[in-house]
Amino acid sequence: MDNVSYQRFPTVRIREIKDDFLKFELRNTDASMANALRRVVLAEVPTIAIDLVEIEMNSSVLNDEFIAHRLGLIPLTSERAMDMKFSRDCDACDGDGKCEFCSIEFTLNVKCTSDQTLDVTSHDLVPSDQQYPVYPVGFMERAEYGGYEEDPPEQRGILIVKLRRGQELKLRAIARKGIGKDHAKWSPAATITFQYEPEIHINEALMETLTLEEKKEWVDSCPTKMFDIDANTEQVVVVDAEAYAYDDEIIKKADAMGKPGLVNIISREDSFIFTIESTGALKAADMFLNAIEILKMKLDAVRLSMETEENDDQFGELGAHMRGGL
Amino acid sequence: MVINDVDVREDPAWLKKHKTGKGQALEAPVKNAVDKFQLLPAFLKVRGLVKQHIDSFNYFVNCEIKKIIHAKANEKITSDVDPNYYIKYLDIYVGKPSLEQDYMVESITPQQCRLRDITYAAPISVDIEYTRGKEIVSRKSKQGQGGVVIGRMPIMLRSSRCVLTGKTEAQVAKLGECPLDPGGYFVVKGTEKVILIQEQLSKNRIIIDTDSSGCVAASVTSSTHERKSKTNFLVKHERIYVRLNTFTDDVPIIVVFKAMGMESDQEIVQLVGRDPRYAGILTPSLQECSSLGVYTENQALEYLGTKVKVMQKAWMKQTKSKVDEARDILQNVFLAHVPVKEYNFRQKCIYVGVILRRMLEAMMDPSFVDDKDYVGNKRLELAGQLIALLFEDLFKRMNSEIKRLVDSTFAKPNRSTVFDVAKVIRPDMLSQGLEHAISSGNWTVKRFRMERKGVTQVVSRLSFIAALGHMTRISSQFEKTRKVSGPRALQPSQWGMLCPCDTPEGEACGLTKNLALMTHVTTDEEEGPLINLCTTLGVEDLSMLTGDEINSTKAYMVIFNGLMLGVHRRPNWFANTLRLLRRCGKIGEFVSIFTNPKQRCVYVASDGGRVCRPLVIADQGISRVKEHHMKELKDGFRTFDDFLREGLVEYLDVNEENNTLIALYESEATSRTTHIEIEPFTILGVCAGLIPFPHHNQSPRNTYQCAMGKQAMGNIAYNQLCRMDTLLYLLVYPQRPLLTTRSIELVKYDKLGAGQNATVAVMSYSGYDIEDAIVMNKSSLDRGFGRCIVMKKASAPIKKYANRTSDRIVAPRLIADKEGCLRVPDRAQILDYDGIGGVGEIIRPGDIYINKESPINTRDTVPNPMAIPDSAYKPTPMTYKGPPGECAIVDKVLLTSNDEQQFMIKVLFRHTRRPEIGDKFSSRHGQKGVCGTIVQQEDFPFSERGICPDLIMNPHGFPSRMTIGKMIELLGGKAGVLSGKFHYGSAFGEPSGHADTVEAISATLVKHGFSYCGKDFLYSGITGNPLQSYIFMGPIYYQKLKHMVLDKMHARASGPRMVLTRQPTEGRSREGGLRLGEMERDCLIAHGSSMLLLERLMISSDQFVVQVCTKCGLLGHHNHKLRMSFCSTCRNGENIATMKLPYACKLLFQELQSMNIVPKLDLAEA
């Protein structure tokens, strides 16, 4: 019994990779692994976000904590996050923002002097530390676009507040490292999801019993357009298996047409298709790599505690399970 | 309901149109339905949502007030002493809202009034003519301002006298007012007060009813400017009697007839009717009269004279004989509204005849009994009418005051100066009378013995809809405690006039109602011209006719505002001609003409308080509103009034609706159809209009939502951040609903929403979702879902005292700390140098926010009151009280003074809250629930598209509630998100395209790759495995309700106790204990757990150690110096025992002793 290894060798095949988007296949593993990764990306990959705001002047229409909340939700470039310290663990400071290891200071100082409404955006947040700069997302790209008005909306930065003539906003903000478990602002993922890879088997023999119209009708009954009819062979072909939303529509339709078993769809329980979208704080790929790192660390922690006798008690019955039924 | 087929063929307009040939009329009507929806915004543009209030107030200010001062009893004041002296009112003006300050008249805006706690009022001024010495002087107006100011009238916002009328949105905003605010309320001493619409039974109308014993009775409530009276007719022992307050006893009806000069029995019977059965029923009454020996007018009056209640008024000289008195009562009290000129009772006799006939008919056929709850028999009393009542009363009182003053001045033998009345008119009485009535809601008019409470209410500013709904509310005069279903039930005649959904639950259920969207309430209209018109159109005057002619089968009686005008031989022609004149705009658009073939009457009504609504006129089922009309409306060439003027649309009141056949849609019209509804969803009111697909819901759910929509947090008004309300709830990120209705757009709820679109998954999760609890996503909360701001106001007046000293505000005094440094005390940390909390400072419970000091001596005169030493002041700081552990922020500080130069400081505290477990949420379908648990996003289910719900709702909420509308809202919202446009769900809107059908929504869903039924395939966030079933998921508009745990949670271990009983205090506000009540006590007794009982009821409550003298049984005392116990009665300490008992018990003994009852304790050895 003891010698049986449950070790598997998961493989990853990347399908699409962009700065803020990643789609890949994860094979030869099971749902617990896939889900653990998903959960870690969402909740435990650290990023940097504004956590402390000191408002010096605020004559805008929004109140102080409103603006502070909005500032917190602005994603900041967080490549440094893995190397930084949590403010609570930092020995070098008392967390007031003067510490390079755990905090980054930003200032914002805007006053509207024209008759036009002035948009205060994330671009107005200026990091005071130039050594290890952390910027609001899109801050660096801003230089490529000149003025504000004619820029494409996605380049104008994230709107914080609008000011009218005479209104002013002046504040100091301190960004810190944190994880999504504590507050959603530290979560690097806009979207992270996976799906089981569907395997679609069309019963060709049964399919041949259908007329072209029936085939068309059947194909059109799928809301996600998985199938199509080959124009030449008039055969039903699978176009996009992954579009299948496991909604059973197509199977129900086949049943309704009196052809049960026309198609057989099984979900492969050992391969997953991941989709990750980033908020911009981290590159999608980094996010996932960091997640693996953190997951490893967590497993190490478990293993460590497993090896030390005195820690056995902390797991109670679970400890016995982990030791393999001893 | 009586449906009377109005003969369209008599309508000249129709004749003209169809003159060309007979064949044309047979052609099938072209039925391409015209979309009449655009009429609705046009209607609301001219009428507004609270037009009924504003119209009524405008009518009062412009017309009625003039009528009041010109009334015979009010116009002239004369002196009893000097017969030559008089004061005559020539004219009256209500000016623009203004305030006199430091002898400068400044115009004021409503927002200023709210902030400064003053009344938004305008001066009332009069032109008068009076004698001064020997000359006649007149004080005339200059520039619309009368000669003499007699008082100040609170002005309704957006009425004709308000500064906001006729202003553009930008101008209104500049005055600090929200452009979307409907107005229709008053600002009195800084609080917004609305005068609720009062529902009453019609005045001056005959109501046939049955009394408790099942006998037919008739009652008429007469109301004229001078007098209000109620006359009852009842049947007792088969005889008919009149009951009047001024008679000690019921008097036989025939005697009354004879007293009114109708001596012949035959004439009486003829007047009642020619049906031989009538005479039969009347026989016992006639016999009684002759048995009383009453045959002549004089005998009858003498008989009535004996029944007159004797007024015990010593100062009134008994000048009139009994006969005169009886005649006076018949003239002035009995059916007071029927005019009697020079003791000619003919008209009153006919009136009584009609009442009798209707009673007799009702005796023979119960279907003739009137329905008291029928909306046509109801009148709504609005702000204008109520203020008019009050104003007249106060005006009369002011006049009598002036008269008293004049009399007393002239009674003095030698006067030094010439008396000038214009200088002695004091405006306070009117101003204060009006102001006090509106601010307290107590309407007391002694003249009519009227005493009403709760007429006004503070406008509820919980949400925009709450304020709007408050303006359309109708309160009934009916007692709330009585257990009758009739007045509470939904009346079919309410259709289109009153909202069938919006009524509170509980005791006021069905009594408090709300107006529907298009309802208009009429104001009084000039009667004279209409009466003349009726006569011109061939109404034969009653005085020319005998009883027989009046009751002839051919003629219909014409009744105008409850008065018999005469008879008409072609009632349908008469009615149609009047209607035609109305449609041409020759007579007022709100005049109603109603023929009642059963009663053989034509009712013409122009009185105020009737509810009516606009309808599209149809000729033989063909709508008069055509495509090109609507196009012109759309292009702005046409307004709603044009439709009205051209006779395309008309207002119908409830009675006239009985003469019509109204089709819901043009396509459903038949040749008998006379009118077509504008839009069916207008039967709902403002609050019910917010519900998407309400016609798919179980009806009580809509009622629940109507109540809950008023508690939802959101935006209140555009000026919400400039207001200083005592309590203000705001949502941080309010949204407009994804699934809207036409009503939402019309009432501008989409601009001032109160809720957020939450993605809801209908599934069970975690077990913390039982009993309608909802599971919330923590990340959603982090991102701002359900986040709200609570603002609380605290204000402090800077009082001025009699000795000319006053409170002062000073910078915090420094105190020395341990090291001897001078420091600001901890509690005063947030104070600025001016002694007032700094804006933006974080304030904790116990902190001082206004460092006020009051002079110790406020009574005796002080030499220099402005410069008394610091020692003469004692600190009276204002400290912040709030939930412990929570801190608020000083949001705003306002320093201002009111019109009495009273200086005050208002401070607004802001507290931002994120949802927590126990906060209450609700969808728009009466489905409320508390937040059961908050779960991390990674534990939440997710779809393969990455969608993760904000909220999980348990599916058990659906089967018993049957809120199908909510399911359709979810579907529609999902389709809306996918297609990027708002979907509609107006009530009954599917046929007219104002609500999307489920089929259409499903098609949209499928088009975007979703399941047609709105279900999604989800994975568990905890395991990563797919969920067993498909989950119904999509966006639903959720409201956060004002009930939050933070304001309610309460627990205590030990804490404050009452001084008197030493028991723990009661209630959350006093940090009270939780009571172990009698029922709980009974349980413990039954269980036999005596020690627990003792612990709960005594040890943990008010345990007290007493010394009891075992000999005399009375309580002794303990002397701590001598360390001995004594019995004060026995004067020794020999037999003292110590025991414990509740302090309340000891208190009881002492209280009993104080009333000479001596309770003694007889102790036994334990």
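Every chain is numbered from 1 and lettered A, B, ... according to where its sequence line falls, protein lines coming before strand lines.
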Atom SG of C948(B) and atom CD1 of I192(A): how far apart are they, to the nearest 0.5 Å?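 Going from SG on C948(B) over to CD1 on I192(A), the span is 12.0 Å.
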
Count the heavy-atom pairs under 4.5 Å between each of I889(B), I1022(B), V839(B) and chain A, then report the option with the highest count.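 Highest number of pairs under 4.5 Å: I1022(B).
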
Going by salt bridge (Lys or Arg N to Asp or Glu O under 4.0 Å), name the residues that satisfy it together with D181(B), two or more places apart in sequence or in a different chain.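 For D181(B) the salt bridge (Lys or Arg N to Asp or Glu O under 4.0 Å) partners, ignoring immediate neighbours, are R461(B).
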
Anything under 3.5 Å between chain B and chain A that's a donor-acceptor pair? List each one with its distance, please.
{"unit_1": "Y733(B)", "atom_1": "OH", "unit_2": "R70(A)", "atom_2": "NH1", "d": "3.2"}
{"unit_1": "K778(B)", "atom_1": "NZ", "unit_2": "K181(A)", "atom_2": "O", "d": "3.2"}
{"unit_1": "K778(B)", "atom_1": "NZ", "unit_2": "D182(A)", "atom_2": "O", "d": "3.0"}
{"unit_1": "D782(B)", "atom_1": "O", "unit_2": "H69(A)", "atom_2": "NE2", "d": "2.8"}
{"unit_1": "D782(B)", "atom_1": "OD2", "unit_2": "A184(A)", "atom_2": "N", "d": "2.7"}
{"unit_1": "R910(B)", "atom_1": "NH1", "unit_2": "E65(A)", "atom_2": "OE1", "d": "2.3"}
{"unit_1": "R910(B)", "atom_1": "NH1", "unit_2": "E65(A)", "atom_2": "OE2", "d": "2.8"}
{"unit_1": "T912(B)", "atom_1": "OG1", "unit_2": "E65(A)", "atom_2": "OE2", "d": "2.6"}
{"unit_1": "Q936(B)", "atom_1": "NE2", "unit_2": "K181(A)", "atom_2": "O", "d": "3.3"}
{"unit_1": "E938(B)", "atom_1": "O", "unit_2": "R38(A)", "atom_2": "NH2", "d": "2.8"}
{"unit_1": "E938(B)", "atom_1": "O", "unit_2": "R39(A)", "atom_2": "NH1", "d": "3.4"}
{"unit_1": "D939(B)", "atom_1": "OD1", "unit_2": "R39(A)", "atom_2": "NH1", "d": "2.4"}
{"unit_1": "D939(B)", "atom_1": "OD1", "unit_2": "R39(A)", "atom_2": "NH2", "d": "2.9"}
{"unit_1": "S943(B)", "atom_1": "O", "unit_2": "T193(A)", "atom_2": "OG1", "d": "2.7"}
{"unit_1": "Y1019(B)", "atom_1": "OH", "unit_2": "Y196(A)", "atom_2": "N", "d": "3.1"}
{"unit_1": "G1021(B)", "atom_1": "O", "unit_2": "N35(A)", "atom_2": "ND2", "d": "3.1"}
{"unit_1": "G1021(B)", "atom_1": "O", "unit_2": "R38(A)", "atom_2": "NH2", "d": "3.1"}
{"unit_1": "G1021(B)", "atom_1": "O", "unit_2": "R39(A)", "atom_2": "NH1", "d": "3.0"}
{"unit_1": "I1022(B)", "atom_1": "O", "unit_2": "N35(A)", "atom_2": "ND2", "d": "2.9"}
{"unit_1": "N1025(B)", "atom_1": "OD1", "unit_2": "Y196(A)", "atom_2": "OH", "d": "3.0"}
{"unit_1": "Y1030(B)", "atom_1": "OH", "unit_2": "Y246(A)", "atom_2": "O", "d": "2.6"}
{"unit_1": "Y1030(B)", "atom_1": "OH", "unit_2": "D248(A)", "atom_2": "OD1", "d": "3.4"}
{"unit_1": "Y1030(B)", "atom_1": "OH", "unit_2": "D248(A)", "atom_2": "OD2", "d": "3.0"}

Given that the side chain runs from C-beta out, which part of I789(B) has a heavy atom under 4.5 Å from chain A: side chain, backbone, both or neither?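 For I789(B), the side chain is the part near chain A, not the backbone.
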
